[in-house]
Amino acid sequence: MSLLPLIWKQKRLLNISSEKKLKEAIGVVDNVVIEMLGQRRREMATMTTSLNKSDLLSRFMGSIEDDN
C-alpha cells in the first residue's frame, strides 16, 4: 500500500498512463463547459430565452456579476 501513492505521483509528474488520459478528458470537459457558457451568455444577451428560465445554469449566471 505504501508504494501506490509514489507510483501515482510519478505518473502524475510524468503525465503518463491514466493520468494523461485524465488530463485529456478534463480538457474536453472544460471546452464543452466553456462553449455552453458562451452560448448561454449570448442567449441571455439577446433575450431570446425567457427571463424566468429555471435551470441551474441560468439561475447561477443570473446571480453573478463577474463574466470571468
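For the numbers below, each heavy atom of this structure counts, side chains included, while hydrogens, waters and symmetry mates do not. Note that the structure is a prediction, hence the values are computed from the model and not measured.
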K.L.:
Checking Glu35 now: which residues fulfil side-chain contact (heavy atoms from CB on, under 4.5 Å) with it, not counting sequence neighbours?
P.N.:
Arg42
K.L.:
For the atom pair CZ (Arg41) and CD1 (Ile34), what is the distance rounded to the nearest 0.5 Å?
P.N.:
10.0 Å
K.L.:
Got a second to check how far Ile16's CD1 is from Gln10's CD, nearest 0.5 Å?
P.N.:
8.0 Å
K.L.:
Leu14 and Trp8: same hydrophobic cluster, using ILVMFWY side-chain contacts below 4.5 Å?
P.N.:
no
K.L.:
How would you list, by chain and number, every residue that makes a side-chain contact (heavy atoms from CB on, under 4.5 Å) with Lys20, sequence neighbours excluded?
P.N.:
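Here the qualifying residues are Asn15, Glu24.
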